[in-house]
Amino acid sequence: MISSPVAIIGAGFSGTLLALQLARRGVKPLLIDRAEAWGRGIAYSTGDPAHLLNVPAMKMSAWPDAPKDFAETANLPEGAFAERRAYGDYLRVQLEQAVADGTVAVADAYAVSAARSDNGWRIALNDGRGMQAEQIVLATGNGSPHAVEIPGWPEDDMVQDPWSAETQARLACAAKENWPILLIGAGLTMVDLVLTLDRMGHGGPVTAVSRRGLVPCAHQTPSIPLPAPELEEIPERLSHIVRWLRARGAHGNWRAAIDSLRPATQALWASWPTERKARFLRHARPWWDVHRHRIAPQAAAIIDRWSSEGRLKVIAGRIREGASGKVTIGLRNGGLATIATMLAINCTGPNERITESGNRLLRQMLDDGLIAPGPLDLGVRADDDSRAGENLWALGPMTKGEWWEITAVPDIRVQVEKVAAAIAACI
Ligand SMILES: Cc1cc2nc3c(=O)[nH]c(=O)nc-3n(C[C@H](O)[C@H](O)[C@H](O)COP(=O)(O)OP(=O)(O)OC[C@H]3O[C@@H](n4cnc5c(N)ncnc54)[C@H](O)[C@@H]3O)c2cc1C
C-alpha cells in the first residue's frame with residue numbers, strides 16, 4: 001500500500017496548486033487524477049485554440065506572491081486574454097517539474113472510496129490499488145452537467161458532455177453539413193461552443209435557449225477601478241444591492257462597480273442568512289453571473305458578429321418537447337416557438353449540487369457521513385479554514401456553498417495558500 005502525508009484528490013488547478021504549495025513547504029503530497037487531467041483539470045484541458053481565458057492573463061498567476069508570473073511566462077502583454085490551453089500548459093509544466101524533482105508524487109487513477117483508519121485515511125483507487133494518507137484534500141472541482149432530457153427528442157441527437165473529444169468530432173460533422181444546432185444554456189459554455197463552431201467555419205443557424213436569455217458581458221480594458229467597499233456599506237436587501245451597484249457604477253462604469261465587490265463577496269455571502277442566499281440563487285444569480293464572469297473582448301466580438309448576422313439567436317424560455325429535426329420552446333414572455341435543429345448540446349454548466357453528483361467517491365463519502373452538503377447543497381460543508389472534517393479539506397468549486405465566489409483562479413489561489421500553510425503546520 002502506498003502511503004503519503006497528504007493525498008490530494010483531483011489534479012485540476014486547485015489540486016495542482018496545492019501540491020506545488022505543499023512542495024514549497026517541504027511536504028511531499030500525492031496527487032490523484034487521470035494522467036491527461038494533471039495540471040489542467042476540466043477547465044484547462046481544452047485543446048481548442050478558440051477557447052480563451054475569461055480573466056486577463058495579468059490576473060491569472062498561480063502564485064499570489066508573483067502576480068505577473070503567468071503573463072511573463074507566456075510572454076503576454078497587459079490586458080491580453082490567453083488561450084485556455086496555454087494556461088493548462090503553464091500549470092502542467094510546473095507540475096511535471098515538481099514530479100521530476102521528486103517533490104510531488106502522482107497517481108494515474110480515480111479515487112473511488114475513502115475510509116477513516118488508525119493513521120488517517122485509506123483510499124481505494126479504480127485500478128485496485130490502496131493508499132494510506134494522514135490528510136485528504138478534496139479538489140474534485142466542477143461536476144459533470146446534469147443530463148438534459150427533452151421529451152420526444154432522439155437521445156442520439158443529444159450531446160450531454162460539451163467538453164468531450166466526441167463532442168468536438170460531432171461539432172466538426174455538424175459544421176461540415178451546416179446543420180442547425182441547439183445549445184441548451186446561454187452562459188460561458190454556450191460561448192465556447194459558438195467560438196468552436198466559428199473556428200470550424202459553421203454556416204448553419206445556432207439557437208441558444210436559457211430561462212432568462214442572458215449572455216455573458218464582455219470585459220473592457222482598461223477599466224477604471226473603484227475602491228472596495230466596507231462590508232457595512234453594502235445594503236442588506238438584494239434589490240437594494242442592485243440599486244446601490246447601479247449608483248456606484250454610474251457613468252458606464254458598472255464593470256468597476258461589480259469588480260470592486262470582489263474583496264467583500266465571500267464575507268458578504270457568508271454573512272447572509274440561508275433564505276437570502278436561496279433568494280439570490282432564484283432571482284439574482286443569472287444577472288450576477290453574466291456581469292461578474294465576463295468574457296474576453298475577442299470572444300464577445302464573435303458572439304456579437306454572429307448575433308448581428310442572424311446566425312446566433314438567443315431565446316429566453318424553456319424547451320417543452322422535441323421531435324426529430326425540431327424542438328418547441330415555451331417563450332418567457334408567453335407563446336411558443338418551433339426551432340429546426342439537428343443536434344442539441346447540453347450547455348447548462350457544471351453540476352454544483354453534491355447530493356446529485358455522479359462522482360463515486362463523493363457519493364460514498366456522503367453516504368458514509370464523512371462529508372456533508374454545503375449551504376444550499378452547493379459543494380461540501382467546510383469551516384473558515386476550508387476543513388471539511390478531521391484531517392479532511394476541500395478546495396475551489398467544492399466550497400462554493402461556503403464562499404460563493406471561489407471558482408476563479410484569483411480566489412482559489414488565496415484559499416490554496418492558506419490551506420497549504422495549515423496542512424504543513426499539522427504534518
Ligand atoms: C470550461 C471552464 C472554463 C473556465 N475558465 C476560467 C478562466 O478562464 N479563468 C478562471 O479564473 N477560472 C475559469 N474557470 C473556473 C475554474 O473552476 C477554475 O479556474 C479552476 O480551474 C477550478 O479548478 P479545480 O481543480 O477545482 O476543478 P477542475 O478543473 O474541475 O478539476 C477537478 C479535477 O478533479 C478530478 N477528479 C474528480 N473526481 C475525482 C476522483 N474521484 N478521483 C480523482 N480525480 C478526480 C477531475 O478529473 C478533474 O481533473 C473555468 C471553468 C470551466 C469549467
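Read the numbers this way: they start at 1 and go in the same order the structure lists the ligands and their atoms.
Judged by the 6.0 Å and 45° rule, Arg170 forms no cation-pi pair with Trp179. Annotation: cation-pi geometry not satisfied between Lys400 and Trp403 (NZ/CZ under 6.0 angstrom from ring centroid, within 45° of ring axis).
Counting the atoms of ligand 1 from 1 in the order shown, those under 4.0 Å from a heavy atom of Trp163 are 1 (C). Each of the atoms 32 (C), 33 (C), 34 (O) of ligand 1 lies under 4.0 Å from some heavy atom of Ala139. For ligand 1, the atoms sitting less than 4.0 Å from at least one non-hydrogen atom of Leu53 are 8 (O), numbered in the order shown with element in parentheses. Close approach to Thr140 involves these atoms of ligand 1, each under 4.0 Å from a residue heavy atom: 32 (C), 34 (O), 37 (C), 38 (N), 39 (C). Near Ile9, the atoms of ligand 1 lying under 4.0 angstrom from a non-hydrogen atom of the residue are 40 (C), 42 (N), 43 (C). Taking every non-hydrogen atom of Val55 and a distance limit under 4.0 Å, the qualifying atoms of ligand 1 come out as 9 (N), 10 (C), 11 (O). When each atom of ligand 1 is checked for a heavy atom of Ile32 under 4.0 Å away, the hits are 43 (C), 44 (N).
Closest to atom 36 (N) of ligand 1, if we only count protein heavy atoms, is Tyr110 OH, 3.7 Å. The shortest contact between atom 4 (C) of ligand 1 and any protein heavy atom is with Ala43 CB, 3.9 Å. Closest to atom 34 (O) of ligand 1, if we only count protein heavy atoms, is Gly10 CA, 3.2 Å. Atom 33 (C) of ligand 1 has as its closest protein heavy atom Asp33 OD2, 3.5 Å. Regarding atom 26 (O) of ligand 1, its nearest protein heavy-atom neighbour is Ser14 OG, 2.6 Å. For atom 38 (N) of ligand 1, the nearest protein heavy atom (residue, atom name, distance) is Asn359 ND2, 2.8 Å. Of the protein's non-hydrogen atoms, Asn142 ND2, 3.9 Å is the one closest to atom 53 (C) of ligand 1. The single protein non-hydrogen atom nearest to atom 18 (C) of ligand 1 is Thr407 O, 2.9 Å, given as residue, atom name and distance.
Contact annotation for Ala37 and ligand 1: only side-chain heavy atoms (C-beta onward) come within less than 4.0 Å of the ligand. By the criterion of a heavy-atom distance under 4.0 Å, neither the backbone nor the side chain of Ser45 is placed next to ligand 1. At a heavy-atom cutoff of 4.0 Å, ligand 1 is contacted by no atom of Thr189, backbone or side chain. When non-hydrogen atoms are compared, ligand 1 lies under 4.0 Å from neither the backbone nor the side chain of Tyr87. With a heavy-atom cut-off of 4.0 Å, Met60 touches ligand 1 through its side chain alone. Looking at Arg84 against ligand 1, only its side chain comes within 4.0 Å, counting heavy atoms.
Considering only heavy atoms from C-beta on, Trp163 stays 4.5 Å or farther from Asn142 through its side chain. In this structure, the side chains of Leu193 and Ile181 stay at 4.5 Å or more apart for every pair of heavy atoms. Using a 4.5 Å heavy-atom cutoff, the side chains of Leu30 and Ile8 are not in contact. Between Ile123 and Gln132 there is no side-chain heavy-atom pair separated by less than 4.5 Å.
Here's the thing with Ala111: one of its N/O atoms is less than 3.5 angstrom from an N/O atom of ligand 1. At a 3.5 angstrom cut-off on N or O pairs, Asn54 counts as close to ligand 1. Inclusion of Arg40 in the set of residues having an N or O under 3.5 Å from an N or O of ligand 1 is not warranted. For ligand 1, one of its N or O atoms has an N or O atom of Tyr44 under 3.5 Å away. Backbone and side-chain nitrogen or oxygen atoms of Val409 are examined, and one is located within less than 3.5 angstrom of a nitrogen or oxygen of ligand 1. At a 3.5 angstrom cut-off on N or O pairs, Ile42 counts as close to ligand 1. At under 3.5 Å, a nitrogen or oxygen of Phe13, whether backbone or side chain, sits near a nitrogen or oxygen of ligand 1.
No salt bridge links Asp101 with Lys28; every basic N to acidic carboxylate O contact stays at or beyond 4.0 Å. Remark: Glu352 engages Arg285 in a salt bridge, criterion side-chain N to carboxylate O under 4.0 Å. The pair Glu96-Arg92 meets the salt-bridge criterion, since a charged nitrogen lies less than 4.0 angstrom from a carboxylate oxygen. Using a 4.0 Å cut-off between a side-chain N of Lys or Arg and a carboxylate O of Asp or Glu, Asp198 and Arg305 qualify as a salt bridge. A salt bridge is absent between Asp368 and Arg116; no separation between the charged side-chain nitrogens and carboxylate oxygens falls under 4.0 Å. Salt bridge annotation for Arg262-Asp411: present, with a cationic side-chain nitrogen under 4.0 angstrom from a carboxylate oxygen.
With His51 as the fixed residue, the side chain to side chain contact (heavy atoms under 4.5 Å, CB included) test singles out one of Arg84, Arg199, Arg85: Arg84.
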**Message:** With side-chain contact (heavy atoms from CB on, under 4.5 Å) as the criterion, how do Met398 and Leu362 come out once you've worked through the C-alpha distance, each side chain's angles and the decisive distance to 0.1 Å?
**Reply:** CA-CA 11 Å; Met398 289 297 292; Leu362 298 180; 4.0 Å; yes

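In this structure, the ring pair (Phe, Tyr, Trp, His ring centres under 6.0 Å) partners of Phe70, at least two apart in sequence or on a different chain, are Tyr87, Tyr90.
By the 30° and 60° cut-offs, the orientation of the rings of Phe280 relative to Trp269 is perpendicular.
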